[in-house]
Amino acid sequence: MDSGEWCVEKRGSFRNESFRDNDNVPETGCLSIIVLGASGDLAKKKTFPALFNLYRQGFLQSNEVHIFGYARSKISNNDLKERISGYLSQGKENAEEVSDFLQLIEYISGGYDSEEGFQTLDKAIYEHEISRNSTEGSARRLFYLALPPSVYPPVCRMIKSYCMNKSDLGGWTRIVVEKPFGKDLASSEELSAQIGELFDEPQIYRIDHYLGKELVQNLLVLRFANRFFLPLWNRDNIANVQIVFREDFGTDGRGGYFDEYGIIRDIIQNHLLQVFCLVAMEKPISLKPEHIRDEKVKVLQSVVPIKDEEVILGQYEGYRDDPTVPDNSNTPTFATMVLRIHNERWEGVPFILKAGKALNSRKAEIRVQFKDVPGDIFKCKKRGRNEFVIRLQPSEAMYMKLMVKQPGLEMSTAQSELDLSYRQRYQGVTIPEAYERLILDTIRGDQQHFVRRDELKVAWEIFTPLLHRIDDGELKPIPYKAGSRGPVEADDLLRKAGYVQTHGYIWIPPTL
Ligand code: BG6
């Protein structure tokens with residue numbers, strides 16, 4: 001199938017009939033995008049810039065789209081536009097586009113449980129729909145909740161009661177929600193039940209922005225469209241898999257939020273676990289979103305309970321200096337843990353998930369390490385193992401570390417790599433921001449890259465026992481220096497799990 005066909009299918013028939021959110025789902029016509037929490041950080045830094053990029057690429061047409069910002073702050077339309085405009089890529093060349101885009105935005109102030117506020121919002125949306133001569137069934141309403149989850153239930157109730165296209169124009173209504181979806185299994189299930197009473201699953205888009213990253217989106221293609229990998233991707237050949245997230249800055253003014261959640265809820269239970277699913281799941285029977293998500297759920301269900309001795313927690317020194325963090329905080333800012341999958345493909349292969357703040361570098365990658373070559377006539381073992389590395393960020397790349405003859409007269413071996421660095425290979429191609437892609441998916445009604453309710457539930461089942469033991473103070477983080485690799489105990493755990501580090505080999509991203 002060529003890429004053109006793929007796109008056509010993606011927009012249309014990939015959607016599973018039983019998960020359609022409306023029998024008559026229009027994908028064109030008047031579109032209202034309502035950003036709730038419009039004056040907040042997420043909206044300013046991610047949502048509006050993503051909308052702007054979609055607009056400038058022609059995915060949002062000014063004759064169809066109107067954007068409503070809604071928040072409690074009593075600010076004017078212009079105040080909101082001023083706040084946003086600094087985050088839209090601006091240069092002389094696109095000043096006009098920025099100004100045209102800002103024209104599409106209308107700000108409405110109101111409380112998150114205010115009937116009056118949501119009635120005013122509904123009226124404004126309806127007026128816009130009428131002004132665009134919308135025909136019956138063609139009005140599309142996308143509500144983006146850039147809000148703390150505590151207000152999801154009242155906001156969803158308000159949307160359901162007052163903004164659900166009761167008019168003759170009724171097309172579809174979709175709701176986009178952001179993590180954290182709860183703090184553990186019970187709270188997440190409660191939240192899901194509250195939202196689930198109001199909206200059907202196909203109307204709910206749970207964003208995990210890692211699913212919008214270019215190389216995360218590439219994982220299924222890599223795995224299932226390449227003959228190379230088919231026979232190798234299993235316990236017979238793979239020694240261990242690492243999924244790593246590192247940041248070289250601390251909680252940076254978000255200490256209050258972070259301390260409530262910690263690194264496992266902030267990064268591992270969602271972002272890294274989603275990547276884990278795509279690396280470990282079986283081949284779906286088709287590319288329909290429900291088929292893909294079914295496989296993700298299955299592999300999550302095969303994860304065995306995490307053992308205490310396979311978890312190392314850390315907290316960077318200085319974390320508690322943040323005035324919003326309690327002096328006795330037990331919250332981990334670093335964690336390394338081993339997930340084990342009880343199935344035919346992966347029995348015995350450790351999946352090491354590692355995430356940390358205030359470390360010595362910033363990167364996210366998947367590192368698949370292969371077993372040693374049997375009958376090692378070249379004595380390669382001491383030089384290091386084959387690895388396949390997928391660098392999610394920065395400098396998107398995939399490279400395969402392999403053994404070659406050292407060029408020259410001597411017959412000696414050396415580690416080298418086959419390197420597919422995106423910046424070099426795809427010059428001139430702009431890699432879209434994760435949010436851009438995901439918002440476009442919500443408009444098109446494609447739920448493939450969103451987390452389904454049952455998937456979320458199993459994800460919490462895996463981590464809740466561990467999280468409760470940390471919350472109760474039974475497991476304590478080890479202090480580590482900001483700017484370091486994290487606690488040395490984490491490297492010991494890696495070794496125990498069977499990871500063999502290659503000393504003296506460093507992959508250097510090519511420069512143009
Ligand atoms: C967010 C976390 O979900 O992801 C942040 O809350 C983290 O703590 C961020 O910094 C990382 O995202 P990215 O895309 O910069 O890797």
Side-chain angles (χ1 to χ4, degrees), residues 37 40-47 49-50 53 87 144-150 176-183 188 205-219 242-276 278 313-316 319 322 324-325 329 331-335 353-367 390-397 422 430-439 449-451 456 459-460 463 467 477 482-483 486:
D41 244 33
L42 176 69
K44 188 167 73 180
K45 293 184 180 157
K46 299 287 183 193
T47 322
N53 283 336
Y87 289 88
Y144 193 110
L145 274 57
L147 293 167
S150 53
V176 182
V177 287
E178 279 275 347
K179 71 164 233 295
F181 309 112
K183 288 190 73 180
S188 161
Y205 287 73
R206 296 178 195 85
I207 278 203
D208 182 315
H209 79 281
Y210 265 59
L211 289 175
K213 292 192 186 271
E214 180 65 38
L215 285 191
V216 175
Q217 298 217 327
N218 200 352
L219 282 169
Q242 283 185 65
I243 302 172
V244 179
F245 167 96
R246 306 164 67 87
E247 265 179 354
D248 55 2
F249 49 90
T251 48
D252 266 6
R254 294 169 75 225
Y257 151 81
F258 190 87
D259 200 68
E260 283 271 303
Y261 290 89
I263 198 78
I264 300 177
R265 292 182 177 98
D266 191 45
I267 303 288
I268 298 182
Q269 182 267 353
N270 33 71
H271 302 330
L272 298 196
L273 198 69
Q274 285 298 322
V275 174
F276 162 88
L278 297 169
L313 305 173
Q315 187 185 78
Y316 68 85
Y319 168 71
D322 181 330
T324 56
V325 171
S329 166
T331 301
T333 59
F334 173 100
L353 269 44
K354 177 170 166 178
K357 297 236 171 215
L359 296 177
N360 58 350
S361 63
R362 173 179 175 255
K363 71 175 178 186
E365 70 179 21
I366 305 161
R367 185 173 293 266
I390 301 165
R391 169 70 70 97
L392 307 180
Q393 63 185 39
S395 308
E396 289 90 346
Y422 273 42
T430 309
I431 296 184
E433 270 287 312
Y435 277 94
E436 237 170 280
R437 239 190 264 266
L438 296 174
I439 293 177
H449 303 294
F450 294 83
V451 182
L456 179 65
W460 279 117
F463 293 101
L467 288 166

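One-based numbering, in listed order, for ligands and for the atoms of each.
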Can Ile366 and Phe276 be said to form a side-chain contact (heavy atoms from CB on, under 4.5 Å), step by step? CA-CA 9 Å; Ile366 305 161; Phe276 162 88; over 6 Å; no
With the threshold set at 4.0 Å, does a side-chain nitrogen-carboxylate oxygen contact exist between Arg437 and Glu214?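 Yes, charged N to carboxylate O under 4.0 Å.
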Give a yes or no on whether a salt bridge exists between Asp266 and Lys179, defined as a side-chain N under 4.0 angstrom from a carboxylate O.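 Between Lys179 and Asp266 there is a salt bridge, with a charged N closer than 4.0 Å to a carboxylate O.
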Asp322: side-chain hydrogen bond (donor to acceptor under 3.5 Å, both in side chains) partners, not counting sequence neighbours: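 Listed in chain order: Thr324.
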Evaluate the criterion side-chain contact (heavy atoms from CB on, under 4.5 Å) for residue pair Tyr435 and Ile207; output intermediate values, then yes/no. CA-CA 9 Å; Tyr435 277 94; Ile207 278 203; 4.2 Å; yes
Shortest non-hydrogen contact from Trp460 toward Arg265: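 Answer, listing the atom of Trp460 first, then Arg265: CH2-CG, 4.0 Å.
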Would you please write out the protein residues whose heavy atoms approach any atom of ligand 1 to under 4.0 angstrom, listed by chain and number?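 Ligand 1 is contacted, at a heavy-atom distance under 4.0 Å, by Lys179, His209, Tyr210, Lys213, Phe245, Glu247, Arg254, Asp266, Ile267, His271, Lys357, Arg362, Gln393.
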